Amino acid sequence: MSLFAGIDCGTQSTKVVVYDTEAKAIVAHSSHTYPLISREDGSREQEAVWFTDAVVDCFKQLDSEIRRKIKGIGVSGQQHGFVPLDRDGNVIAPVKLWCDTSTVAECDKLTTKIGGEEKAIALVGNQFKTGFTIGKIYAMKLSHPDLWARLAHILLPHDWLNYWLTGRYVMERGDASGTAMFDIAHLCWSRPVLDAVDPCADWGSLLPELVSDNEVIGTVRPALARELGLSSSVIVSAGGGDNMMAAIGTGCVEKGAMTVSMGTSGTVFAYSDEPIVDEAGAISGFCSSNNGYLPLMCTMNCTIATEQIRALFCMSLAELNTLAAQEPIGSRGVVILPYFNGERTPNFPHGKAVFAGFDPTNCSKATLARAAMESAVFSLMDGVDAFRAKAMVPSRILLTGGGAKSPLWRQMASDVFGVPVSISVIGESAALGGALQALWASGEEGGDLAAICKRHVALDSASGCVPDPEAAEAYQEALKRFRGYQKALAPLFR
């Protein structure tokens, strides 16, 4: 038995899985939920201590014998967050999350200072979109000078957990590229962009040391190891953002692979050996967490639409799926623009959810259930189309996240995307990716991550889907209607 643990620090909960590399199976898992602080100005925050408390609770839920046998840990964390620390390592403000849209003005100011969106893309491969870490940092400087004066270390959520585990301030290139301060072409921090935030700041000490993706950054601190019930020799790998870890956990580590994640947010990403820059801004130019690149399209709203409809009508997931399956493709003309959290792609920071297309014949919870499910896939189709425009055409798509558990959603995705859809046997792809990265860093199975993924990422052949030509044609009409509302209402959302 050779055990490696993956920690996935998400927006709604933290999860821990323990993976047995010999049995090729998850032998233990646990989770701990926490709230989200939301404000009308678009602020979305959490307390950093909630993350560490969650990890402690997750490990305490595991069998003590399993904990003692864990050899390594890899951490996955929600991207783009901002965890500000003072020189003593104390967190000095709530964590600003990826879905925080309160920094529109700051992002606009930075874009103007740097010379426009084209200049920003040329420098870091990305626009300064609200949600990215740079806007949160600039907002602290402009609006909270007292906190800015105390700021000594800038970390992202997964870096914060790595620091808590090992005592080291480090960051790998995948999460670094999601800050919009990292030059993805030259693999270093962008001095012109940092100077736009503050030319007088000591960025050398504010920003963490950059480490390689297959590096062991340390071992778990002795006192913490005892608290968690771990051996004193447990290694910690570099970890990464949740999408970067999900790429490893779904085997998206070589050219030709594409993954679509359907969680609270939705993402489309594919592996590349070279940086991919999208002048239109639909695809973000990120690095991967396996020493390559992970161009990625993100929607800030995916399964949130179905969750809102479920809450509105007090429905279970099973009931929502049953009702939606009874309705025809196109939801009888009902359309939902699911911008409950604003939106990043399209760039609608002031976006709001819209329910449209009602008449006396189609106003029902069944049509809303169907429209909510369709809205998630239609939004993700923008990403699939953007990748195809860059000649990155998938032969199949691996679906992950909560939405992948629904047979209806899987078939809908296959019909809309126009390619076969598969899912993994192990559904917790980000946490599994953390465990596999730790295995890679340990050297126990050699240095070829692609080979490691081939051995450990298995597809569920019984749950795959292929496009139905007749359904695919009907979805194109529904998608056209969705995009018509999207275009017509765009001036209200920008």
Side-chain angles (χ1 to χ4, degrees), residues 8 10 15 17 26 76 241-254 256-271 283 288 294-307 317 320-321 324-325 329 338 345 370 372-388 392-433 436 453-454 456-468 471-472 475 479:
D8 180 26
K15 302 172 184 176
V17 304
I26 299 293
S76 162
D242 50 4
N243 290 301
M244 288 72 191
M245 292 295 100
I248 296 174
T250 57
C252 189
V253 295
E254 294 181 294
M258 181 177 286
T259 297
V260 172
S261 175
M262 297 179 67
T264 305
S265 63
T267 54
V268 181
F269 51 81
Y271 179 81
I283 298 175
S288 69
L294 196 74
L296 179 148
M297 175 269 195
C298 175
T299 69
M300 298 179 78
N301 305 271
C302 189
T303 61
I304 187 171
T306 53
E307 291 305 295
L317 273 172
L320 181 136
N321 274 269
I329 292 170
T345 310
R370 178 88 190 195
M373 295 186 77
E374 290 182 348
S375 74
V377 182
F378 290 163
S379 295
L380 290 166
M381 186 61 183
D382 288 344
V384 176
D385 282 345
F387 276 97
R388 284 176 172 147
M392 300 180 73
V393 181
S395 56
R396 71 163 178 85
I397 287 174
L398 196 145
L399 205 63
T400 187
K405 298 175 183 177
S406 163
L408 175 60
W409 241 335
R410 293 198 297 269
Q411 186 62 56
M412 190 181 295
S414 183
D415 292 337
V416 174
F417 300 152
V419 295
V421 162
S422 304
I423 64 171
S424 297
V425 171
I426 298 174
E428 296 295 344
S429 57
L432 174 63
L436 293 182
C453 288
K454 282 184 172 66
H456 297 286
V457 179
L459 299 183
D460 181 357
S461 57
S463 299
C465 300
V466 296
D468 177 281
Y475 276 119
L479 176 60

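Throughout, residue positions are numbered sequentially from 1 according to the sequence presented. Just so we're clear, the structure is a prediction, and the values are computed from it rather than from any experiment.
- Nearest heavy-atom pair, Val253 versus Ala247, reported as atom, atom and distance to 0.1 Å: CG1-O, 4.1 Å.
- Considering only residues two or more places apart in sequence or on other chains, Lys454 meets the salt bridge (charged side-chain N to carboxylate O under 4.0 Å, His left out) condition with Glu254.
- Pro467 approaches Gly418 most closely through the heavy-atom pair CG-C, 3.6 Å.
- Partners of Phe378 under the ring pair (Phe, Tyr, Trp, His ring centres under 6.0 Å) rule, at least two apart in sequence or in another chain, are Phe482.
- When all heavy atoms are compared, the tightest approach of Met392 to Met258 is O-CE, 3.9 Å.
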Pair up each side-chain donor or acceptor in residues 260-271 with any protein partner under 3.5 Å, not counting sequence neighbours, and list the distances.
unit_1, atom_1, unit_2, atom_2, d
Thr267, OG1, Asn243, OD1, 3.0
Tyr271, OH, Asp273, OD1, 3.1

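- For Ser414 (side chain) and Val419 (main-chain N/O), a donor-acceptor pair under 3.5 Å exists by modelled atom type.
- When every heavy atom of Ala325 is checked against every heavy atom of Leu408, the shortest pair comes out as N-CD2, 3.7 Å.
- Judged as a side chain to side chain donor-acceptor pair (under 3.5 Å), and not counting sequence neighbours, the contacts of Thr259 are Thr250.
- Counting only residues at least two apart or on different chains, the side chain to side chain donor-acceptor pair (under 3.5 Å) pairs with a member in residues 401-411 are Asn321-Ser406, Gln411-Asp415.
- The side chain to side chain donor-acceptor pair (under 3.5 Å) check on Asp468 picks up nothing, with sequence neighbours excluded.
- Under a 3.5 Å cut-off, the side chain of Thr345 and the backbone N or O of Cys298 do form a donor-acceptor pair.
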